[in-house]
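All heavy atoms count here, side chains included; hydrogens, waters and symmetry mates do not. We count ligands from 1, going down the list as the structure has it; atoms in each ligand are counted the same way.
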Amino acid sequence: MRLVLGLCKVAAFTFLIFTTSAALAQNVILIIGDGMDDHQITMARNYLHGAKGLLTLDTLPVRAAVQVVTLDHNDPSKVVYVADSANSATAIATGQVTSRGRISTSADTDSDLKPITVDLKNAGFAVGIVTTASVTDATPAVFMANVAQRFCENPDMMVQAKIGGNWYADCEDDLIANGGSGSISEQIAGSTIDVVLGGGSKQFAPMAEGADLTVLEQAQAEGYVVVNSVQALEQTVSSSDERVLGLFSPSTMPVRWQATGGVAAEQPEPSLLNQVHEYLGDVTLPAPVKCEVNPTYGDTPPLATMAQAAIAQLAKRSNKGFFLMVESASIDKQSHARRPCGQIGELQQLDETLQVALEFATTNPETLILVTADHGQAAQIIPNNSLFNGYGVPVYTPGRLQRLVTPEGAILAMNYATNEFQAEEHTGVNIPLLANEQGQGLVPSFLLQSDIYGIIKNYLLPETP
Ligand SMILES: [Zn+2]
């Protein structure tokens, strides 16, 4: 075995990356942008690099379209055309199509579906999960747990747990007392996953079911080194090869950017005359804004820093190679909240993470890098000046609008109009799958989302049925 000593520097600190001989180790780095359809990618490209610029994403040689398939929870013989993160990430993790809300469980009988991480661990690969959401959130959870319902994130959320309004999570069958595997955080604490990094410390604070330890204490008893600062992460990765559970915020990690003054997209205001007749009067659009640093971001570890720490630790823990899933979660969450700057900053974090992955692949060429999304999101780019304004008609969007002044001096008008409620919803567009050179010949130009599972499995476990 040949040891290669690489020195990689990202953001605030430096890691030594020991990599095994390329002939022995094979790795997959799966980067998921939650809600990252082409509309969200285009708004980030326009703002970050200009309309003629390129994201690192755009330099990847393989680009395919992925159809997302979701089963109807009430009648799994039928489909619905819009997914959530739970069912769509389950398709990637298990190769099985299911219904919304399921965490690696089937739509019809709530049976456990085996995530690819189980076979990979059994075959001797190291496995890491990194996210800017809570590590118990749907996308990371499907790789580490099986539970009936995505909101069963901790032991206190298992039975008749109120989510909001009149909606309750119920995972009674998953209680340990009922022969289940417990909540998502309990399953992570008892898992064999090597590195788990993200937000969600509050999900580990409750007492574990039937135990006199909190879930966090249980994770430590199971051998996890728990860290909650970037400094502690750096120190652990540079001094030990233990399993690491890093929890850097109570729930979703703060995003990097916000719009000027923290404003979200707003509804245009038609004049009284326009309300009398759509051809009359005028309309006041929300004032243009810029993106600025989110004051609550503070010393939040960047996604690329967490990914690099995970890569360093995983490379130490298996000579065979590793599987790392990295999720940029708030492309989705900030779109729900109608906040384009939050989305763009989070997509920038994903692009920086891809740079880290590509840099690792230069010294570890048998590394398949896949970049994809789980489902589409609400934000869409619309004309800043409607074509119809040229006819003297005061046309305006029925949705919420935010107009960003881009660094290249144009106005990027972002519209959110899936509903009139307090949060936007996902959309049913197909999503992209991109890959580095290792994906050439493995990724067809059009595929089903559940086929991504097979691509990962064929690359790392070609002999396994
Ligand atoms: Zn969402």
Which of parallel (below 30°), tilted (30 to 60°) and perpendicular (above 60°) describes F360 and F322? tilted
If the cut-off is 2.8 Å, does any N/O/S atom of H375 fall short of it from the Zn ion (ligand 1)? no
Just to confirm my numbers, could you give the angle made at the Zn ion (ligand 1) by OD2 of D332 and NE2 of H336, rounded to 10°? 90°
Evaluate whether atom CD of E269 has more than 12 neighbouring non-hydrogen atoms of other residues, nucleotides or ligands under 6.0 angstrom away. no
Could you give me the CA-CA distance, side-chain angles and deciding distance for Q40 and D37, then say whether side chain to side chain donor-acceptor pair (under 3.5 Å) is met? CA-CA 6 Å; Q40 327 306 312; D37 62 56; 3.1 Å; yes
So that I can check it, does any N, O or S atom in D84 come closer than 2.8 Å to the Zn ion (ligand 1)? no
Applying the side-chain contact (heavy atoms from CB on, under 4.5 Å) test to P301, which of T132, V227, V230, L233 qualifies? V230
